[in-house]
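Note: hydrogens, waters and symmetry copies are ignored here, and every other heavy atom, side chains too, is used. Note that ligands are numbered from 1 as they come in the structure, with each ligand's atoms numbered from 1 the same way.
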Amino acid sequence: MKINRNFLNLKDSYLFATVGRKTAAYKAAHPGREVIRLSIGDVTRPLAPVVIEAMHRAVDEMSRTETFKGYGPDQYCYGYERLIDSVKGSYARKGVALDSDEVFISDGAKSDLGNILDLFSVDNTVLVPDPVYPVYVDTNVMAGRRILFSDANEGNGFLPMPDRLVGADIIYLCSPNNPTGAAYSRDQLREWVRYARERDAIILYDAAYEYFISDPSLARSIYEIEGAKECAIEFCSYSKTAGFTGVRCGYTIVPKALVREGTSLNRLWARRQSTKFNGVSYITQMGAAAVFSEEGVREIGENIAYYRENARAISECLDRLGIWYTGGKNSPYIWLKCPFGMTSWQFFDYLLEEANVVGTPGSGFGRNGEGYFRLTAFGTAEKTREALSRIEKLIGGAQ
Ligand code: PLP
């Protein structure tokens with residue numbers, strides 16, 4: 001018996017463990033102080049009432065023989081038509097027409113981002129932005145693929161563009177980006193689509209934060225770009241859009257026009273899913289189906305507006321302090337340059353010890369994250385305001 005030795009090449013995930021350990025140690029040593037976390041990537045607002053009502057109705061259906069549901073429908077890899085139709089409706093509002101069998105309901109974007117790699121040979125070279133959500137790197141390390149990085153930095157606004165000298169077969173794009181909050185414009189995405197098509201490469205487009213986009217010049221789906229259906233798979237999630245981090249539901253779009261080596265990737269993915277996945281619970285799917293209803297859009301909009309307001313407050317605080325940052329406008333993440341020339345971890349310790357505020361060191365997201373720091377807008381408004389007043393007093397006083 002041999003294990004998959006690629007797992008031994010994974011770097012330990014120090015980032016959140018170390019943030020947690022340092023925070024706990026500080027709290028234990030200073031029990032009287034209130035530590036505020038602006039580090040969380042999880043949401044804090046509860047589910048929208050329309051979602052809760054839909055889930056209650058689905059639970060009641062499960063209690064009666066006539067309306068009880070077992071496995072979901074095979075036809076769409078266990079996705080219910082009501083949910084698939086609502087996803088199609090949300091794409092139609094972005095000007096993108098989809099067929100029902102191009103929409104795959106998932107238990108969230110993370111699983112599908114990892115599972116999609118079943119479709120591709122390990123001989124492919126992967127291009128991953130640096131810094132970014134660590135799942136793209138780790139899932140490819142597990143498979144033993146060669147990974148190249150596209151540098152995101154202040155010079156390119158943390159939005160790397162294609163480099164014609166780099167030969168990549170699988171290209172990850174995350175927009176709006178975690179951790180930098182930077183988001184691609186349609187023109188920029190047009191270049192990526194052109195590049196992918198020239199190379200016969202495939203773009204894996206992570207749109208988990210698309211609902212935070214308010215600027216109309218930014219794309220909310222890669223399929224807004226002509227030709228993207230022939231070169232891109234898109235991953236979406238109800239987690240940040242509608243507070244489903246604990247409920248678990250997302251959707252992945254694999255267009256039928258996506259063909260490589262004469263084989264439809266849509267067919268391959270359907271085959272993969274029907275073999276290794278048995279669907280998302282009916283109750284969850286009915287809750288998700290309420291998200292893009294008229295009332296749902298209004299209600300989740302209130303939660304998004306709440307987080308946006310936190311992001312605006314963080315951005316304004318950094319503006320007043322003259323600290324460089326990106327994100328915060330079309331994203332729940334604010335990515336700032338550590339003041340006083342500090343490294344990411346130095347700034348983490350400084351904020352924790354002097355202001356009792358916790359953020360996330362940028363170096364944990366990739367080499368180019370060193371010297372940067374991530375704050376999130378997912379906290380409560382009161383705690384966010386309190387944390388900002390402490391940061392402003394500390395840094396403003398030291399400048
Ligand atoms: N993609 C990005 C960029 C994320 O930041 C996250 C979660 O933080 C995910 C995907 C995972 O989303 P889900 O909860 O749907 O698995």
Side-chain angles (χ1 to χ4, degrees), residues 13 15-16 19 37-45 47 51 79 83 87 90 103-117 128-140 150 152 158-160 171-184 203-213 218-222 232-253 277 279-281 284-285 287-288 291 300 303-304 307 311 326-328 330-335 359-360 362 364-366 369 374-379:
S13 168
L15 180 63
F16 290 102
V19 167
R37 289 165 59 216
L38 289 190
S39 54
I40 47 167
D42 202 349
V43 292
T44 50
R45 306 291 301 155
L47 294 173
V51 169
L83 177 53
V87 171
S90 91
V103 180
F104 294 86
I105 303 304
S106 72
D107 62 351
K110 190 186 203 177
S111 338
D112 277 12
L113 280 160
N115 294 335
I116 199 77
L117 295 174
V128 180
D130 173 348
V132 86
Y133 184 53
V135 167
Y136 316 151
V137 169
D138 286 355
T139 48
N140 280 290
S150 49
F158 284 91
L159 292 168
I171 298 163
Y172 285 86
L173 296 179
C174 179
S175 181
N177 181 283
N178 176 12
T180 70
Y184 284 110
I203 295 173
L204 301 181
Y205 191 79
D206 185 345
Y209 298 96
E210 60 101 359
Y211 236 80
F212 285 83
I213 292 178
L218 303 179
R220 291 185 46 187
S221 162
I222 192 150
I233 296 175
E234 181 159 291
F235 302 85
C236 291
S237 169
Y238 290 100
S239 283
K240 310 298 159 78
T241 301
F244 271 52
T245 50
V247 179
R248 311 301 310 142
C249 197
Y251 45 96
T252 296
I253 310 301
F277 182 60
V280 177
S281 83
T284 296
Q285 292 200 46
V291 168
I300 61 164
N303 284 347
I304 301 267
Y307 297 133
T326 180
N330 297 286
S331 156
Y333 296 120
I334 292 95
W335 178 251
T360 312
F365 295 98
R374 190 190 79 174
L375 297 176
T376 87
F378 285 128

- Query: So, do Y136 and C174 sit near enough that their side-chain heavy atoms are less than 4.5 Å apart?
  - Reply: yes
- Task: State which residues pass side chain to side chain donor-acceptor pair (under 3.5 Å) with S221; sequence neighbours excluded, sorted by chain then number.
- Result: E234
- Those residues that, when tested against T44, pass side chain to side chain donor-acceptor pair (under 3.5 Å) (two or more places apart): none
- Is there side-chain contact between I116 and F235, with heavy atoms separated by less than 4.5 Å? yes
- Query: Angle class for the Y333/Y209 ring planes (parallel below 30°, perpendicular above 60°, tilted otherwise)?
  - Reply: perpendicular
- Message: So, using side chain to side chain contact (heavy atoms under 4.5 Å, CB included) as the criterion, who are the partners of S106 when residues are at least two apart?
- Response: D112
Ligand 1: which protein N/O atoms lie under 3.5 Å from its N/O atoms?
residue, atom, partner, partner atom, Å
ligand 1, 1 (N), D206, OD1, 3.3
ligand 1, 1 (N), D206, OD2, 2.6
ligand 1, 5 (O), N178, ND2, 2.8
ligand 1, 5 (O), Y209, OH, 2.6
ligand 1, 8 (O), Y209, OH, 3.3
ligand 1, 8 (O), K240, NZ, 2.9
ligand 1, 14 (O), S239, OG, 2.6
ligand 1, 14 (O), R248, NH1, 2.9
ligand 1, 14 (O), R248, NH2, 3.4
ligand 1, 15 (O), A109, N, 2.7
ligand 1, 15 (O), S237, OG, 2.6
ligand 1, 15 (O), S239, OG, 3.3
ligand 1, 16 (O), A109, N, 3.3
ligand 1, 16 (O), K110, N, 3.0
ligand 1, 16 (O), R248, NH2, 2.7

